[in-house]
Amino acid sequence: MTDALLPRQAAEPAGDSYFRKGCNPLAETGRSKLQNQRAVLNQQILRAVRMRAGAENLLRATTNNKVREQVLLELSFVNSDLQILKEELDGLNISVEVYQNAEETFSIPLVPLGLKETKDVDFTLPLKDFILEHYSQDSSEYEDEIADLMDLRQACRTPSRDEAGIEMLISYFLQLGYVENRFFPPTRHIGVLFTWYDSFTGVPVCQQNLLLEKASVLFNIGALYTQIGTRCNRQTQAGLENAVDAFQKAAGVLSYLKETFTHTPSYDMSPAMLNVLVKMMLAQARECVFEQIGLSGIRNEFFTLVKMTQEVAKVGEVYMLVNTAMNQEPVKENIPYSWSKLAQIKSDHYKALAHYFTATILCDHELQPGDDEDQQEKAMSQLYDYVPEGLMVLAVLKDKIQRKQLGKAHLRKAIVYHEEALRVCGLCKKLRNIEVLQEVLTAAHKRSLLKYAQQETEDDFLSLIQAPDILSKTEHKIETIAPQFSKVKVKDFFHKLGPLTVFSAKQRWTAPRTICLHHEAGELGFSLKGGSPVQVYCLDPVCSAASAGLKEGDYIVSVDGTDCKWLGVSEVLEKLKSVGMQPMEIEVISCQDTAASLHSKSATYSMGMQKTYSLICLAMDEDKIDQTKKAPLKLPFLSWGTKNRQKAASTLCLPSAVAGSSQVKKKLSPFTLFNTESSLY
């Protein structure tokens, strides 16, 4: 179609319509297989949901008892199928091994987000018709630009798992901002239907609103960052640093999505779900920070162990908060069960490590004559919120028996946490099949048991000390990194339409009028002002230009066939004077006055599922038109049929020139627009 999908090495220097291509969707990689399975499951879920909706409608409509019994039986089968499909989708969401680094590793797997799937969108006819009807330009001149937009969208469905993939998704997101301003007026839809599938439930959401497209692309940017983070090599310092950075950026994108698009009709992009996902990404970044600290090995030294104890306790704490958030309504119903259990396992595992490190401090490090008692007492005091009754920190440090008893109490608590982590892992079928997770949990449990066996004596039954909880503390700040959209430079595909501040979907214009200019004693009879495009002002009402139809406030868009929508005053004046005394033709447009007021009636219906219909009534007041001219009939905005999809020609005709009028614009709330004609099937 165009050369926009050529690889960077083979392509010419990047042009206005250039972007990197996506991955080959037919490539037999583990990640592509997962995405293909997700797409198939989405289609199966869609069919099952439609069958259930039809059966429920029949159940409400019929009064025949025999028919009702058959419908109820059918509903039970459909609901069972839906439950099985949802479990299969959960299985894809916990297929973490595919996304991990290929190097051999002995670390608990990290959880990535799967990309949202979408259907193909054909922009051709709607955009060509809008260019013809709204901008009064030959839409065939914009076929390449429309093709570039569609190619870019298609490539974004299979982005590469690296910075190039992130850059491509961001470039499409920014391009959608231009498209929204160019082609999506706030008062109507242009006939483009966007369909995106929920990442967790597989249920499709269909809207004619571009905000659904923008929100879904943002979600995929965050999801791609999580996949980059899980792919990093966690056996190297650089790999862990990149993983921390990727998860912080993922949290930043998801947080931006939550704050910017607050009325999304999809469960995976609801504020409650996004809040949980942000916490999960920050927890995984915290986990990578801990691994980074201990990458070179943990020295068996008093103050080093105190520091590691507090750091690992922080990891256990944040995962406990993630697990709590995952088990709250309404997130609990849609979050994968295995994710919740993995968060619980990690919380128990890292709490157990905190108690193991504390036990190592107490059992392996006796207070020596040359040691700084005050420093050790202060460090140990920071580990506890309280100490068991009858014990003092300094006394414990000095007394060998008390140190040993308290150390063994911590080991017992560590073993309890390890056993709980193994128990929960064994109860979850998906997690039970992740070998490396089982290996890590089992090795940590055996290490604690071995340490406890080394300290065991015959008088253990006399020890009644309960190990206190460990206070978390960290020297490493983990926070979201806001998306840096400004770093990705994109150029408006539809730059030829003119400056966006003037030529947008919110403005209405007359069709271009041709004015023949004659120099009168070297004067034009008017002045120019403004930026691009230039505007006529101080028009002499008796000059030849005024007689030819030029009006005060007209915008000059062409001089002798040369487009000058992007030219300034000096450049246009130079073109006007370059022809000397010869007559010339210019094309001008006028702002078309239509007072639009949003109004009064607004009906909203919602029940059960997230389904909202909004009715917007517009009252149009038109000024009187010059009696010498006949007001042309307004052309209706056509609704597009699938029958004519193959035709390249527009279905609209160029509108006639209309005399100027005044427009009073009233902004629509973006939230109202986003909910218009939304439907969740």
Side-chain angles (χ1 to χ4, degrees), residues 106-108 279 282-295 297-324 342-365 376-388 391 393 396-397 403-425 437 440-452 454-455 465-478:
F106 194 69
S107 304
I108 298 180
K279 287 182 178 179
L282 292 179
Q284 295 191 142
R286 174 69 62 190
E287 183 179 2
C288 291
V289 166
F290 169 71
E291 292 179 357
Q292 193 176 356
I293 297 171
L295 184 63
I298 302 172
R299 290 189 301 118
N300 193 356
E301 187 267 331
F302 186 92
F303 294 105
T304 301
L305 288 173
V306 169
K307 179 182 176 182
M308 294 301 297
T309 299
Q310 292 179 314
E311 289 286 351
V312 76
K314 186 66 177 179
V315 180
E317 179 185 321
V318 294
Y319 271 116
M320 181 185 66
L321 295 175
V322 170
N323 182 45
T324 302
L342 183 59
Q344 182 181 347
I345 289 169
K346 287 190 176 186
S347 175
D348 290 336
H349 173 71
Y350 288 113
K351 285 180 181 178
L353 289 184
H355 284 284
Y356 176 81
F357 288 149
T358 306
T360 304
I361 293 171
L362 293 168
C363 297
D364 293 0
H365 297 277
Q376 289 198 11
E377 180 186 10
K378 182 180 178 181
M380 283 297 296
S381 299
Q382 291 176 351
L383 291 180
Y384 300 132
D385 189 17
Y386 71 95
V387 291
L391 295 180
V393 173
V396 170
L397 290 174
R403 285 175 71 108
K404 188 175 181 180
Q405 288 178 342
L406 186 57
K408 291 174 68 176
H410 279 290
L411 283 173
R412 286 195 294 271
K413 201 159 188 177
I415 292 169
V416 169
Y417 277 126
H418 282 310
E419 289 175 348
E420 178 63 15
L422 285 167
R423 184 188 71 82
V424 174
C425 185
L437 177 61
V440 171
L441 297 180
T442 303
H445 182 224
K446 288 181 178 178
R447 184 175 58 186
S448 294
L449 287 173
L450 180 61
K451 188 78 172 177
Y452 186 81
Q454 292 173 353
Q455 311 300 323
I465 298 176
Q466 293 294 321
D469 292 333
I470 307 297
L471 289 179
S472 63
K473 183 182 177 182
T474 181
E475 299 175 357
H476 303 270
K477 191 174 182 180
I478 296 295

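Worth saying up front: this structure is predicted, and the values here are computed from it rather than measured.
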Closest contact, heavy atoms only, E291 versus S107: OE2-CB, 4.0 Å

Working to the nearest 0.5 Å, report the span between CD1 of I345 and CG of L437. 5.5 Å

Interatomic spacing from CD1 in I478 to SG in C288 - rounded to 0.5 Å: 9.0 Å

So, S448 side chain and A414 main chain: donor-acceptor pair closer than 3.5 Å or not? no

If every non-hydrogen atom of A359 is compared with every non-hydrogen atom of G407, which pair is closest and at what distance? CB-O, 3.3 Å

Between Y384 and H410, what is the ring plane arrangement, given parallel below 30°, perpendicular above 60°, and tilted in between? parallel

Would you say the side chain of Q310 lies within less than 4.5 Å of the side chain of I470, judging by non-hydrogen atoms? no

Answer yes or no: is there a side-chain heavy-atom contact under 4.5 Å between L471 and Q382? no

Passes side chain to side chain donor-acceptor pair (under 3.5 Å), Y319 versus E287? Steps please. CA-CA 9 Å; Y319 271 116; E287 183 179 2; 2.5 Å; yes

Contact list for residues 441-450, test salt bridge (Lys or Arg N to Asp or Glu O under 4.0 Å), sequence neighbours left out: none

Can you find a heavy atom in the side chain of Y350 that is under 4.5 Å from one in the side chain of F290? yes

Interatomic spacing from CG in N323 to OG in S347 - rounded to 0.5 Å: 7.0 Å

Pairs meeting criterion salt bridge (Lys or Arg N to Asp or Glu O under 4.0 Å) with involvement of residues 414-423, two or more places apart: E420-R423

Testing the basics here: between Q376 and F303, what is the closest heavy-atom pair and its distance to 0.1 Å? CG-CZ, 3.9 Å

Which heavy atom in P468 sits nearest to a heavy atom in L406, and how many Å separate them? CD-CD1, 4.1 Å

Test your reading of the model: is there a side-chain donor-acceptor pair from R412 to the backbone of A467, 3.5 Å cut-off? no

State, to 0.1 Å, how close T309 and A354 come at their nearest heavy-atom pair, and which atoms those are. CG2-O, 3.5 Å

Report the C-alpha separation of I293 and H476 in whole Å, then their side-chain angles, then the decisive distance to 0.1 Å, and conclude whether the side-chain contact (heavy atoms from CB on, under 4.5 Å) test is met. CA-CA 10 Å; I293 297 171; H476 303 270; 3.5 Å; yes

Can you tell me how far CD1 of I415 sits from NE2 of H445, rounded to the nearest 0.5 angstrom? 6.0 Å

Are any of the side-chain heavy atoms of K279 and L321 separated by less than 4.5 Å? no

Check whether any side-chain heavy atom of L362 lies under 4.5 Å from a side-chain heavy atom of M380, and answer yes or no. yes

Answer yes or no: is there a donor N or O on one side and an acceptor on the other, between the side chain of T324 and the main chain of M320, under 3.5 Å? yes

Keeping to residues at least two apart or across chains, list the salt bridge (Lys or Arg N to Asp or Glu O under 4.0 Å) pairs with something in residues 307-322. K307-E475, K314-E317

Decide yes or no for L383 and V306: does some side-chain heavy atom of the first lie under 4.5 Å from some side-chain heavy atom of the second? yes

Decide side-chain contact (heavy atoms from CB on, under 4.5 Å) for L282 and V318; before the verdict, give the C-alpha distance in whole Å, the side-chain angles of both, and the deciding distance to 0.1 Å. CA-CA 8 Å; L282 292 179; V318 294; over 6 Å; no

Salt bridge between D469 and K413, side-chain N to carboxylate O under 4.0 Å? yes

CD1-CZ distance between I361 and F357, expressed to the nearest 0.5 angstrom: 9.0 Å

When you compare the side chain of V322 with that of K346, does any pair of heavy atoms fall below 4.5 Å? no

Closest approach of A421 and L441, non-hydrogen atoms and distance? O-CD1, 4.1 Å

With a 4.5 Å heavy-atom cut-off, do D364 and K451 have their side chains touching? yes

